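Here the structure is a predicted model, which means the values were calculated and not measured.
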Amino acid sequence: MTVGEWLDSRTPRPPAALVARLATVLNDAMAQSASGIPELFLSAGETLVARLLRNDSTARDSALDLLAADALLTYAFEAAGADVTTIDARATLAMSRIAALAAAPAAIS
């Protein structure tokens with residue numbers, strides 16, 4: 001199963017605009033194996049949030065990107081839930097990475 005196929009299998013299906021934005025953010029990764037979704041989506045969400053913070057893009061016109069970042073992080077944990085033995089460590093790492101964005105948004109590329 002590819003990343004794109006995994007996203008297509010989500011129910012309820014997200015709105016078309018959000019699906020399109022996720023496909024744009026994930027770009028070539030849509031054709032990769034779904035096995036790496038937890039890290040791929042965490043990294044993509046982290047990059048998107050960093051860009052929003054760096055550009056001070058937190059107003060209404062950035063709503064789709066904010067929703068995309070939220071969806072990426074939510075889906076990262078949905079996929080990670082398939083392996084309950086790593087979920088605690090993954091959650092701790094994700095919290096650290098996301099918290100670091102608020103501390104130094106300009107330092108994140």
Side-chain angles (χ1 to χ4, degrees):
M1 176 180 288
T2 66
V3 169
E5 291 166 340
W6 189 90
L7 278 173
D8 285 343
S9 73
R10 300 303 90 201
T11 56
R13 183 147 172 85
L18 181 56
V19 171
R21 185 64 186 130
L22 291 173
T24 299
V25 168
L26 294 168
N27 198 3
D28 294 338
M30 292 288 284
Q32 292 179 6
S33 169
S35 64
I37 283 178
E39 179 55 34
L40 173 67
F41 283 20
L42 175 58
S43 292
E46 180 181 17
T47 298
L48 190 51
V49 169
R51 186 177 326 128
L52 290 165
L53 289 172
R54 187 174 50 252
N55 297 332
D56 198 27
S57 300
T58 56
R60 186 179 197 131
D61 60 339
S62 300
L64 186 56
D65 280 341
L66 291 167
L67 287 170
D70 178 67
L72 286 164
L73 297 171
T74 299
Y75 285 148
F77 280 95
E78 182 177 332
D83 182 0
V84 296
T85 64
T86 62
I87 198 75
D88 285 340
R90 192 175 298 279
T92 300
L93 176 63
M95 286 188 298
S96 296
R97 287 168 61 175
I98 299 301
L101 297 175
I108 307 294
S109 57

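Put simply, CG on Leu40 and OG on Ser33 are 10.5 Å apart, with the number rounded to the nearest 0.5 Å. Rounding to the nearest 0.5 Å gives a distance of 11.0 Å between CG of Leu72 and CG of Leu67. Of the inter-residue distances, the one linking Asp8 atom CG with Met30 atom CE reads 6.5 Å to the nearest 0.5 angstrom. Of the inter-residue distances, the one linking Asn27 atom CG with Thr24 atom OG1 reads 7.5 Å to the nearest 0.5 angstrom.
At a threshold of 4.5 Å between side-chain heavy atoms, the hydrophobic network of Ile, Leu, Val, Met, Phe, Trp and Tyr places Leu101 and Leu66 in two separate groups. One hydrophobic cluster, built from ILVMFWY side chains closer than 4.5 Å, cannot hold both Val25 and Val19; they sit in different ones. No path of Ile, Leu, Val, Met, Phe, Trp and Tyr side chains, each step under 4.5 Å between heavy atoms, connects Phe77 with Val49, placing them in separate hydrophobic clusters. Linking Ile, Leu, Val, Met, Phe, Trp and Tyr residues whenever their side-chain heavy atoms come within less than 4.5 Å places Phe41 and Leu64 in a single cluster. Hydrophobic clustering keeps Leu26 apart from Leu42 (ILVMFWY residues linked when any side-chain heavy atoms are closer than 4.5 Å, directly or through intermediates).
The side-chain heavy atoms of Tyr75 and Val3, taken from C-beta on, include no pair separated by under 4.5 Å. Considering only heavy atoms from C-beta on, Arg10 stays 4.5 Å or farther from Thr74 through its side chain. For the pair Gln32/Ile37, no side-chain contact is recorded, criterion being any heavy-atom separation below 4.5 Å from C-beta on.
Heavy atoms only, all atoms of each residue included: Ala69 and Gly45 are closest at CB-O, 4.2 Å. Between Ala80 and Ile87, the shortest heavy-atom contact is CB-CD1, 3.7 Å.
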TODO: Go through Glu46 and Leu73 one step at a time and tell me if the side-chain contact (heavy atoms from CB on, under 4.5 Å) criterion holds.
DONE: CA-CA 8 Å; Glu46 180 181 17; Leu73 297 171; 5.7 Å; no
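In this structure, Glu5 has no salt bridge (charged side-chain N to carboxylate O under 4.0 Å, His left out) partners at least two apart in sequence or on a different chain.
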